[in-house]
Every structure is written in C-alpha cells, then in structure tokens.
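Here's the structure we're looking at; comments come further down.
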Amino acid sequence: MSAKANHSPHRLSEKAFFESSGSALKDPKLRRNFKRAMNGLMEKRRDIFPDASELEETRGRAGGIRRKTLAYFPELLEKLEANCESNGIRVHWAETTEQANQIVLEIARSTNTRLAVKGKSMVSEEMHLNAFLEKHDIEAIESDLGEYIIQVVNELPSHIIMPAIHKNLEEISQLFQEKVDPNRSSESAEEMTATARLILRQKFHDADMGISGVNFAVAETGTLCLVENEGNGRFSTTLPKVHVAVMGIEKVVESLQDLPPLLKMLTRSATGQPITTYFNMISGPRREGELDGPEEVHLVLLDHGRSKIYEDELLRETLLCIRCGACMNHCPVYTRIGGHAYNAVYPGPIGKILTPQIEGIESVGYLANASSLCGACVEVCPVKIPITDILLRLRRNRVRKKNARHWTDLNGGKSLMELMTWKGWKQVLSQPSLYRTQASLLSRIGNLLPAQIPVLRQWARSRSLPRFSKKPLHRLVEEAGIDHE
Amino acid sequence: MNESASSRSRILKRLHGIHSQSRFADHPEITEPQSPSWTTEEKISRLKSMMESVHSEIHCCSERDFDTVFRKVADEKSIASLLYAKNTQLGSRIHSLKQSTPEKMPELVNYDVTIETMKKRIFSIDASITETLGGIAETGSLILWPSRDEPRLMSLIPPIHLAVLQAEKIYNTFSEAIDEGRWAEKGMPTNALLISGPSKTADIEQTLVYGVHGPKQLVVFIIQ
Ligand code: SF4
C-alpha cells in the first residue's frame, strides 16, 4: 500500500494545505457528510452530559488525573516497564517512528509472521506502519471496520475515532462492490458489515500476529487497556500467537483506580456512549496451563518528540490528550474542511497542536494558523487542554523561527491587502462618529450587497454571507434601556 | 547497548532532566466522585435497562429456575452446539443438565484443549456460556475474568454469548469493583474484560449495526 506512504506529513506544505482545504470547502458532498456526522456526535455528547456542573467536576477530575500522571512521568514509565516485564510482556523503546517500525519488523521476522491483523491504533498511523510492513512483504490488515474501509481505498483516517466518516453509505457501498466482494450484495450498512465480518474472521483465523494500540497503560499492574466496540481489538490481541502493542509514551496512568474516570470521559466525549462494548485489560501473555491468548506480548513505547514536548510547561499539556476526538467534532474549521484537508495523521484541533510539535514546527507549523481561536475545543476537551493557548504559542514560535527574509514576515506573514484592511478597521473603530456612520450604512444596505462584487466574491465562494441586523448593536442596546457603562 | 536500550536511556534522561519544580507545579486536587449506592434491586434494574438499551437480552431468574429458563433460551435460539467450560461450577451444572435431559439440550463442546487444536472447530459453534466475576450497574457491564478453566475466546468467537451473573455481585461502579475485588493487590489475570453488549459498529455513515466481529447476541441470566 505504497499510496499510504504518500500521505506522510513530511511532504506537506502550506500551499498544499491551502489548496486542499480550498477544494474541500467547494465540495458540497463532503461538507454535507461532515456536517451531518459532526452534528450527530455533538448532540450525543450533549445528551450524555445533561448536568453542566457535574460535567465540569468530571472534567476537572479527569484532567487532574492526567496532570498527576505527567508530574511523575518518568517514574511511571519505569514502573510500567518493570511491571509489564514481570508479567512477561517484553518492553521496547523507540525514539523515532523508524525505530518503532524496525522493532515491529524484527518481532515479525523472529516469529515468521506473514500476516498481521491490526486493531485501531493512531500511533501505528503515526508510524505509517502498514506501508512499512508491506514493503517488507508482511501483510497488515486493518480490522476495525472504518479503518478497513479506508485501507481498501488507500486513504488516511479523516477522524481519529471514526476513520471513514468522510464517506457516505453510497460511496462505501460502491467501494465494497468494486474492491471488497463483487459477488455479495452490499447495499445496506448491515450487509456490508456482514461481508466484512466474514472476510475478517478468516483473517483473524489465519493471522500470525496481532497489532494494537493502547488507550491506557496502568503502571501499577503492568496492564494494557483497549477501548472498543467491535471486538476486533480483542481478536487481534487474543487469537494470533504474537501480540504487539504500540503506544505513545504519554498513555501511561498510575493505577487501576485512574481508569474509571478516564474511561468514562473518553467514551462519553467521543461518541456519547456511557461505555463501549469492550474494555479490554491485558496483563501478559498466555500463562502456563492457559488454553488461549498470545504466546508473546510486546509493548513498543514510542517517543516521537513527546519527551521534547514535555520540557515546556504549557506545551506539555498537549500530552494530556486521551484522543477522544471531541475537539474535532466541535471545531468549526474541521467540520467545514473535513479531516483529509489537513493531510496529517491527526486532524482537527488536537492535530493542529500535536502535529507541528512531533513533525517539526518549520515544516508543518502552519497548521497552528488554521484556527479562528474560537475556543470550542477548549470548552469540550475532557482533560481541559488549553488548545488555544498552545496554538498561540506555536504561532509565536514559528514566526520567531522564520528568518525575516521577506518584508511580509515582519508582519507575521500578512499580505498587503490584509494589512490595509486591519489599518482601515483600526481607523474606523477608534473614531465613534466614523464607526456609527459605517454601522448604520451597513445595516441599511449591507444585505443588498451582491455576493458577486469583486471584494466579496472570493470570500463568499466557500462561505455564506452573514446577515446584517436592521439596527446596529449600539442602537439596540440604547433601545433596550441599557446604559453606556 | 542495543538500540532500544539506548533510546530508553535517552528518553528517560530527558524526562528526568526536567526541573522537579516545573513537574510538580500547582496540581489541582483530585476530588473523589460521588458514588451512587443503590440497593440490589435498583442495581439489577439499572444494569438491565442499560444493557437492554444496547441490544442485550436479560433474563432474571432464581437459582432453581435457571435450568428451565436456560433450556427455553437455547431452544428459542435454535442453539445446536454450545461451547462450555466443564471445570467451572456453571460448566458442571450444564453438563449434568445434558445428562438428565439430553434431548432438550444442544450438543456440548468442552473447551479443554489449546486454541491451536480447537481453532477450526470453535469458529463453527453456535453459542457459548460463561460465568462472570460480577456486573457494574452504572454502565451496564459484565466483568469477565477468564481463567485456565474458562478461556478468553469463549466470550468472543461464537455468535451468541450467554453469561451468568449473580445478582449480589453487581457493583455500583467500576471503581467499586476494582476496590472491593482488591484487583491491584490480588494481581490481574492475563485478560480481564468489561463487556457491555453484543459487538457493534457505527463506522458506516454512523448507522449502528450489531454483530460486527464479536458476538451478535449477548444473553445475560441474572440469578437472584
Ligand atoms: S485534545 Fe481534548 S478533546 Fe481533543 S482529542 Fe484530545 S482529549 Fe479529546
């Protein structure tokens, strides 16, 4: 699956990002798919958190647990390693994704693995593991239904929880007909699910190795936890002879008692479920006398820039993330451009803060600019990551890093047009009479301006024009009898 | 030193290198959540409604009535073959049931050899029956604690999973289960599980479909 490797964020550029987000905005079908899906997810989350003060309390608790974990980060990693090893789990450390891939390859070689089944894992996406294994003649099959669908068409996940959310039923049905099984009817979601079940059960049966991610790793007991609904995670970690778990080092937690509040916040924030179908707690390979379970369990701890992120007190908060996806579900930018426009493994707000930090601020720092700083993500984040503060910091770091080679760089990369606009805006705002004239003018004729006039045309191509109120705000306020102060 | 070991020491060195003042800076106190304390009746009804809302089938019965209820379910679902674990208490009960009324019972398959020997066979069995360690009322979950006698794939491969839950072992919350069961002190089994319904997916246009990779049906007998 070499096409997948082409998605590597290393080859990305700001220009490509502008182009892809521009064309996403002009794709009505894509926008419909995302809008419908995100609205649904937001509604489900809202319904499961009916009590605002309770929600605040739970967020505080979940965030507190994650912050406590980071305070003892190195100690907990050492404890996790020791307890995993005493459970018989072999622990490997990788600073880079290349090293992590190499470790998985070596395990595959030493166990004669030809076919690996994979549970959903964002870290393995970060490693571009499938493409890597493929290059070394090892077949890696995604078994989460959403991941399976996008693997069939060589795409990146467009959402960290729902990887195939950009596709609607019709599109998926068509790809099942063309690429999965032309002989079976694949019209409804039920039929396609049944087809995938049949195909993938055979793969589970045949696979030599199972690869999974890790949602939480408990240091106290050396336990790897997986959160899922489908059962493919259980299959991948139970049936094949070898289980390899890959995890970002920040996924460690201290104790079993940390799990309930984090699990609760994860499933509720992600999909509005009180709990997922399966919560899988793995603490070692098959023991003497047991009849199933893998004979070998390996844990690959991937750094990929995380220990660097840890050095800074603000940026460190990025590592609190439990990958629930709520920030993207509520992000007005993500909802409009969709997950693929970012061309990065992690899209949406979390991607905008994480990707530049792990892939390099010089190469993908522009992602931090793709935000209006509205703060919707901060409001819903179950562990209270100050995403907007981190975005601002990353923007500042990026500007500082850039050489002032071009005059626009002195102005943070603003164009002449943008500069003039801000100048004019400042003039108007600092003179009350000018402001009033402009406001009453716009309230009278603003709605008559056709979207086709030159200054508006480009802007309006992918946006709907706002409606001007009949009366300016200050008039409304006066009429409502509210005093100036 | 191999590569993993040198990565390890570099990563840990960087993390340990952070000034402790920065690491331990003002952390908010973590408040204990208010834990519900329901009566057994309330716990049963909460667990039942939570699990039913995700397509599980719940039968409440007395210890004595279990045989009848079980046979009825097996019959209704036309279960022709049943995977069981003979060495558990439940297993021996199922076994004697088969001996006393063989004509009313499915064919029994005991899981007593390794998966490598069982693999082909296990994929063609209609249903399985397992015990549970307990339940969780708050989230509507079963706690499974697979063992040598009751291997972990029993609750995963057959399309119908029947599980037996003792009513008095339903905890209020997950947290209470961990505490009262003294999980950390006792040590974890190779694979502990919370199961809260039949396997499901919403990956195709957010349409909820049950029975994707794991069991298509989950039937719980709550013994009161
Ligand atoms: S940043 Fe917060 S909201 Fe976004 S995925 Fe991470 S935990 Fe969830």
Side-chain angles (χ1 to χ4, degrees), chain A residues 37 40 57 60-61 64-65 67-68 71 73-74 92-95 99 103 145-146 162 164 168-169 172 189-190 192-193 197 200-201 205 220-221 223 229-232 234-235 238 255-257 260-261 274-275 277-284 286-287 289-293 303 307 310-311 313, chain B residues 3-4 7-8 10-12 14-16 18 22-25 27-31 33 50 54 111 113-115 119 123 139-141 148 151-153 156 173-175 178-179 183-184 187-207 209 211-214:
Chain A
E57 200 192 305
R61 189 174 308 120
I65 289 172
R67 284 182 175 83
K68 176 191 73 179
F73 198 11
H92 312 260
W93 300 71
E95 273 190 296
Q99 284 170 8
I103 291 168
L145 185 56
M162 312 213 129
N168 63 23
L169 183 74
I172 301 175
E190 286 77 10
M192 286 185 265
T193 305
R197 176 182 172 101
L200 289 166
R201 281 205 153 210
H205 177 276
E220 169 186 48
T221 51
T223 301
N229 281 313
E230 297 188 358
N232 67 309
R234 291 191 59 199
F235 263 115
T238 304
S255 66
L256 289 174
Q257 276 302 355
I275 193 164
T277 302
Y278 301 112
F279 183 59
N280 198 2
M281 292 164 271
I282 298 165
S283 309
R286 187 187 303 195
R287 285 182 196 151
E290 286 184 347
L291 301 176
D292 58 19
D303 181 359
S307 58
Y310 187 65
E311 286 170 4
E313 265 174 60
Chain B
E3 200 167 31
S4 167
S7 294
R8 175 187 189 278
R10 275 196 301 270
I11 295 167
L12 288 173
R14 264 198 299 278
L15 298 179
H16 277 296
I18 306 306
S22 144
R23 276 170 56 189
F24 303 115
H27 289 296
E29 214 180 297
I30 302 164
T31 52
M50 295 291 287
V54 286
Y111 196 157
V113 288
T114 61
I115 182 62
K119 219 172 186 179
F123 273 92
T139 51
S141 311
R148 286 182 175 83
R152 55 207 257 187
L153 285 167
L156 183 64
T173 61
F174 182 20
S175 171
I178 296 173
D179 245 2
W183 291 15
M188 299 292 284
T190 46
N191 185 208
L193 287 159
L194 305 186
I195 298 182
S196 308
S199 119
K200 65 176 185 288
T201 183
D203 275 346
I204 299 178
E205 215 185 62
Q206 283 201 292
T207 310
V209 182
V212 51
H213 297 302

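To find a chain, count down the sequence lines: A is the first, B the second, and so on, and within it residues start at 1. All figures in this text were calculated on a predicted structure; none of them were measured in a lab. Worth knowing before you read on, the calculation uses all heavy atoms, side chains too, and leaves out hydrogens, waters and symmetry mates.
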Minimum heavy-atom distance A:R201-B:L156, with the two atoms named: NH2-O, 3.6 Å

Specify which of A:G146, A:G284, A:S283, A:G40 makes the most heavy-atom pairs with chain B at under 4.5 Å. A:S283

Atom group of B:S141 that falls short of 4.5 Å from chain A, counting heavy atoms: side chain

Can you give me the closest heavy-atom contact between B:P151 and A:D292, atom names plus distance? CB-OD2, 3.3 Å

Most heavy-atom pairs under 4.5 Å with chain A, out of B:T139, B:I11, B:V113, belong to B:I11

Rounded to the nearest 0.5 angstrom, the OG1-CE distance for B:T201 and A:M162 is 7.5 Å

Who among A:E313, A:H92, A:Q257, A:E190 has the most heavy-atom pairs with chain B under 4.5 Å? A:Q257

Under a 4.5 Å heavy-atom cut-off, does chain A meet the side chain of B:L153, its backbone, both or neither? both

Would you mind telling me which of A:E220, A:E57, A:R234 has the largest number of heavy-atom pairs within less than 4.5 Å of chain B? A:R234

Part of B:V209 within contact of chain A (heavy atom distance under 4.5 Å): side chain

Pick one of side chain, backbone, both or neither for A:I172, based on which atoms fall under 4.5 Å of a heavy atom in chain B. side chain

Counting heavy-atom pairs under 4.5 Å to chain B, which of A:M192, A:E290, A:E230, A:R286 comes out on top? A:E230

Note: B:R23 and A:A71 closest approach over all heavy atoms is NE-O, 2.9 Å

One option among B:M50, B:K200, B:M188, B:Q206 has the most heavy-atom pairs under 4.5 Å with chain A, and it is B:K200

Check whether A:T238 gets within reach of chain B through its side chain, its backbone, both or neither, counting any heavy atom under 4.5 Å. both

Mind ranking B:P189, B:A202, B:G197, B:P198 by heavy-atom pairs under 4.5 Å with chain A and telling me who comes out on top? B:P189

Between atom OG1 of A:T193 and atom NE2 of B:H213, what is the distance when rounded to the nearest 0.5 Å? 9.0 Å

Between B:F123 and A:F235, what is the ring plane arrangement, given parallel below 30°, perpendicular above 60°, and tilted in between? parallel

To the nearest 0.5 Å, what is the distance between CZ on A:R67 and CD1 on B:I30? 10.0 Å

Is A:A189 in contact with chain B via its backbone, its side chain, both, or neither, using a 4.5 Å heavy-atom distance? both

